[in-house]
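Everything on this sheet refers to the single structure shown next.
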Amino acid sequence: MAEEVSNKQIVLKEYVNGLPKESDMVLKTSSIKLKVPEDNGNDAVLVKNLYLSCDPYMRSRMSNIVGSYVDSFTPGSAITGYGVGRVVDSSNPNFKIGDLIWGITGWEEYTLIKSTQGLFKIHHSDDVPLSYYTGLLGMAGTTAYCGFYEVCSPKKGETVFISAASGAVGQLVGQFAKLLGCYVVGSAGTKEKVDLLKNKFGFHDAFNYKEEPDLNAALKRYFPDGIDVYFENVGGKMLEAVLLNMRVHGRIAVCGMISQYNLEQPEGVSNLFCLITKRIRMEGFLVFDYYHLYPKFLEMVLPLIKQGKISYVEDVAEGLESAPTALVGLFSGRNVGKQVVVVARD
């Protein structure tokens with residue numbers, strides 16, 4: 001008979017309006033059998049969760065939104081998101097007990113994943129931390145790689161600007177751009193993050209947008225000849241200022257708009273006429289459309305990590321109970337680097 005164990009979970013109480021709070025989520029304890037039920041077919045795995053990823057896109061899932069690219073969370077049920085886990089039981093012969101995986105899992109100690117579609121097996125080696133598969137070697141890294149190389153079509157010598165540049169995606173885009181031979185500037189929200197961009201990640205320059213009363217003037221200062229590539233993570237006033245400073249035939253990859261996520265009424269954007277006059281290509285993208293390039297991404301990035309040419313910073317919260325605070329902190333910029341929650345280390 002299958003062993004039954006307690007299973008702590010982070011549950012969304014009810015749908016959220018405005019800025020999320022820790023109290024919108026609650027820690028509950030249920031129980032789970034450490035066996036894939038027989039009625040789950042031949043494509044299910046039961047995983048023990050090790051690391052969970054906190055990502056800005058999760059904010060939209062906390063609201064009752066219809067027609068989005070990803071379903072809303074279900075109040076009363078465990079939150080779901082990207083994570084790293086170890087297979088405890090499997091009905092799919094391609095996933096063995098003990099295998100390490102990353103993909104969408106539950107914010108809980110154990111999760112029954114009913115379909116392995118979208119799960120990636122981890123061929124782990126000790127020279128990179130396993131937690132990196134929540135970010136650098138997982139969804140965030142693939143987002144940075146595909147958004148920069150596939151959407152932005154960058155060329156050596158071009159000027160590149162990245163907003164929210166110290167986050168999980170931005171820190172990597174900047175380093176990819178630098179390695180390509182581009183001139184790279186990033187914006188962030190604290191002096192500590194600006195220092196990180198310049199001294200740890202090797203950006204040519206960086207600024208604290210909170211200290212800039214005129215973002216248009218700030219961008220003119222850092223890009224006197226204009227911006228070729230903008231990697232967009234923020235939206236709002238930053239996007240308006242960037243549009244004024246783009247060069248002819250510039251490219252904008254729209255990865256996120258964190259300034260808008262907690263607004264009940266999203267802001268409109270001025271200066272869109274620049275898209276015409278400067279012949280700018282502005283394209284939104286989702287990482288799901290590029291997962292077929294994941295092996296190619298790993299082939300490029302793993303040697304760079306081992307050679308010390310890519311740096312990566314994680315902000316690690318210990319214990320499942322710390323997950324609500326860690327997630328909410330994303331929206332006030334409390335985290336420094338990729339926000340990870342450790343559920344268990346083995």
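Below, all heavy atoms of this structure are taken into account, side chains as well, without hydrogens, waters or symmetry copies. Being a predicted model, the structure only gives us computed values, none of them experimental.
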Taking all non-hydrogen atoms of both residues into account, name the closest pair between [X] and [Y] and its distance.
X    : Y    : result
R334 : T325 : NH2-O, 2.6 Å
S6   : T29  : CB-CG2, 3.9 Å
K278 : N245 : NZ-N, 3.8 Å

Short side-chain donor-acceptor distance under 3.5 Å, [Y] and [X]:
X    : Y    : value
S53  : D55  : yes
T143 : Y290 : no
N49  : T105 : yes

With a 6.0 Å cut-off (strictly less than), is the heavy-atom count around NZ of K13, excluding the residue itself, greater than 12?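 Counting other residues, nucleotides and ligands, NZ of K13 exceeds 12 neighbours.
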
State whether the number of non-hydrogen atoms from other residues, nucleotides or ligands found under 6.0 Å of Q117 atom CD is greater than 12.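 Open.
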
Once you measure the plane-to-plane angle for Y145 and F297, does it fall in the parallel (<30°), tilted (30-60°) or perpendicular (>60°) bin?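 Y145 and F297: tilted rings.
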
State whether the side chain of D205 and the backbone N or O of V185 hold a donor-acceptor pair below 3.5 Å, judged by distance alone.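 No, because the side chain of D205 does not come within donor-acceptor range (under 3.5 Å) of the backbone of V185.
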
So, T134 side chain and L52 main chain: donor-acceptor pair closer than 3.5 Å or not?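 Pair absent, no side-chain N/O of T134 close to backbone of L52.
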
Using the ring of F203 (Phe, Tyr or Trp, six-membered ring only), decide whether K178 places NZ or CZ under 6.0 Å from its centre and within 45 degrees of its axis.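 Geometry flag: not set, cation outside 6.0 Å or 45°.
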
